[in-house]
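Reckoned from all heavy atoms, side chains included, excluding hydrogens, waters and symmetry mates. So you know, we letter chains A, B, ... as the sequences are listed, proteins then strands, and number each from 1.
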Amino acid sequence: MCQINQIYNKLLDHYGAQGWWPLLDYQKNINDDGLWGYHPDDYSLPKTKIQRFEVCIGAILTQNTAWKNVQKALINLKKLNAIKPDTLKKIDIEKLKKAITPAGYYNQKSKKLKIFADFFISVKNKIPTRNDLLSVWGIGPETADSILLYAYKKPEFVVDAYTKRMFTNLGLIDDNYNYEKIKSFFEENLKNDIIVYQEYHALIVKHAGIYYRKKTNTCKDPLLS
DNA sequence: AACCAGGACGTGA
DNA sequence: TCACGTCATGGT
């Protein structure tokens, strides 16, 4: 128990709870980015199967994509009533591509969404394992962990590009660490708690999005160093 | 006007 | 395993 816990406390103290997803039923609030802030401190979500599905879809759509663009795609899908496994499964692929265009990679992502809809229906009310998710085309380690952590509330730490960049820059992990090794590093040093996992990942994205963009990567971290 | 964003896949060493 | 090219829109 060392610096990564102190960093977590600093980030949480500085930025507050992030309240990431689901989005669609909670988009009334405005946060300090001008984006929609959703439901900080409400860890009862997702409450319904549809909300859970929305989290999964959002996790796929946000692959290497700014969340702001994903918001538009999700709202488009909602208008088509496509935040539903059955509807998404049946929807015309060209219509789907058009709806998710703002989120980019619409050829790949439309295919990924279709395949995921099938998978989501097939698991019924069971909780998929990490390997179940990784076996689905279009779901890699980060998306699998995001789905487990935010949709199914399982304690899987989510590692993204910012996490690696920020913590190598702070000197806490080695540059040659792969995804699984970074994930283990956090899970072995943090309390096994989905609230901590959920907030920490979101806070890293928040903080690194300001101070650890590729261009400003060499800048000194005003909060943590 | 390049550069990058809440990555994953296919290919070739 | 690991490095590299590819996918695509929209903000800065």
Side-chain angles (χ1 to χ4, degrees), chain A residues 11 15 17-24 27 31 33-40 46 54-77 93-94 96-116 119 130-151 156-167 169 174-184 186 194 197-219:
Chain A
L11 292 175
Y15 296 107
Q18 296 299 296
W20 259 14
W21 32 24
L23 152 72
L24 291 174
Q27 52 186 297
N31 68 16
D33 291 322
L35 299 176
W36 299 294
Y38 316 134
H39 41 73
E54 182 209 312
V55 174
C56 299
I57 289 184
I60 292 171
L61 287 174
T62 198
Q63 290 170 358
N64 200 35
T65 300
W67 177 246
K68 206 169 187 177
N69 294 342
V70 179
Q71 291 178 316
K72 298 176 187 169
L74 285 173
I75 289 167
N76 289 343
L77 289 174
I93 189 78
E94 295 304 322
L96 178 55
K97 287 181 184 176
K98 195 171 176 187
I100 66 172
T101 289
Y105 306 107
Y106 53 81
N107 288 309
Q108 294 184 346
K109 286 178 177 173
S110 57
K111 191 172 163 190
K112 291 179 181 180
L113 292 182
K114 285 283 192 183
I115 292 173
F116 184 78
F119 171 78
R130 190 165 190 264
N131 282 332
D132 288 341
L133 287 162
L134 289 174
S135 70
V136 178
W137 186 88
I139 298 188
E142 185 184 341
T143 308
D145 288 334
S146 291
I147 288 173
L148 288 169
L149 180 59
Y150 292 100
E156 301 284 349
F157 196 84
V158 180
V159 177
D160 69 333
Y162 279 141
T163 312
K164 177 163 188 175
R165 196 181 307 157
M166 179 168 153
F167 283 83
N169 201 286
D174 217 32
D175 189 43
N176 60 7
Y177 277 22
N178 62 19
Y179 185 97
E180 302 298 333
K181 202 160 178 185
I182 299 173
K183 177 179 166 73
S184 301
F186 279 90
I194 66 154
Y197 283 23
Q198 288 188 358
E199 289 299 343
Y200 207 163
H201 172 60
L203 286 164
I204 288 169
V205 171
K206 173 82 172 178
H207 183 67
I210 301 170
Y211 298 110
Y212 292 86
R213 292 184 169 263
K214 281 190 180 174
K215 278 186 171 177
T216 59
N217 193 16
T218 51
C219 292

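Side chains of A/T65 and A/K109: a donor on one and an acceptor on the other come within 3.5 Å. The closest side-chain donor-acceptor pair between A/N169 and A/Y211, if any, does not fall under 3.5 angstrom.
A salt bridge between A/K97 and A/E94 is present, with a side-chain N of the basic residue lying under 4.0 Å from a carboxylate O of the acidic one. Between A/R130 and A/E180 there is a salt bridge, since at least one side-chain N of the basic residue sits less than 4.0 Å from a carboxylate O of the acidic one.
Distance, A/Q71 CD to B/dG6 C1': 12 Å, rounded to whole Å. Between A/L134 atom CG and B/dG7 atom P the separation is 16 Å, expressed in whole Å. Note: CG (A/N69) to P (B/dC3) measures 20 Å, nearest angstrom. Atom C1' of nucleotide B/dA5 and atom CG of A/N64 are separated by 6 Å, given to the nearest angstrom. Spacing between atom OH of A/Y150 and atom P of B/dG6 amounts to 13 Å, rounded to whole angstrom units. Here the C1' atom of nucleotide B/dG7 and the NE2 atom of A/H201 are 11 Å apart, to the nearest Å. Straight-line distance from the CZ atom of A/R130 to the C1' atom of B/dA8: 14 Å, rounded to whole Å. Separating the OH atom of A/Y105 from the C1' atom of C/dA8 is a distance of 6 Å, rounded to the nearest angstrom.
Distance check on atom P: B/dA8 versus C/dG10 gives 22 Å, rounded to whole Å. Look at the C1' atom in both C/dG5 and B/dG6: the space between them is 22 Å, to the nearest Å.
Neither OP1 nor OP2 of B/dG7 sits under 4.0 Å from any side-chain N or O of A/K164. The phosphate of B/dA8 has OP1 or OP2 within less than 4.0 Å of a side-chain N or O from A/T143.
Nucleic acid contact class of A/I139 (heavy atoms, under 4.0 Å, all strands): sugar-phosphate only.
Between A/W137 and A/A59, the residue anchored closer to the 5' end of DNA chain B is A/A59, taking for each the nucleotide with the nearest heavy atom. Between A/G140 and A/R165, the residue anchored closer to the 5' end of DNA chain B is A/R165, taking for each the nucleotide with the nearest heavy atom.
Between A/F186 and A/F157, the ring-plane angle classifies as parallel under the 30° and 60° cut-offs.
Judged by centroid separation below 5.5 Å and plane tilt below 30°, A/W20 stacks onto the base of B/dG6. Taking the 5.5 Å centre cut-off and the 30° plane limit, the aromatic side chain of A/Y162 is not classed as stacked on B/dG6.
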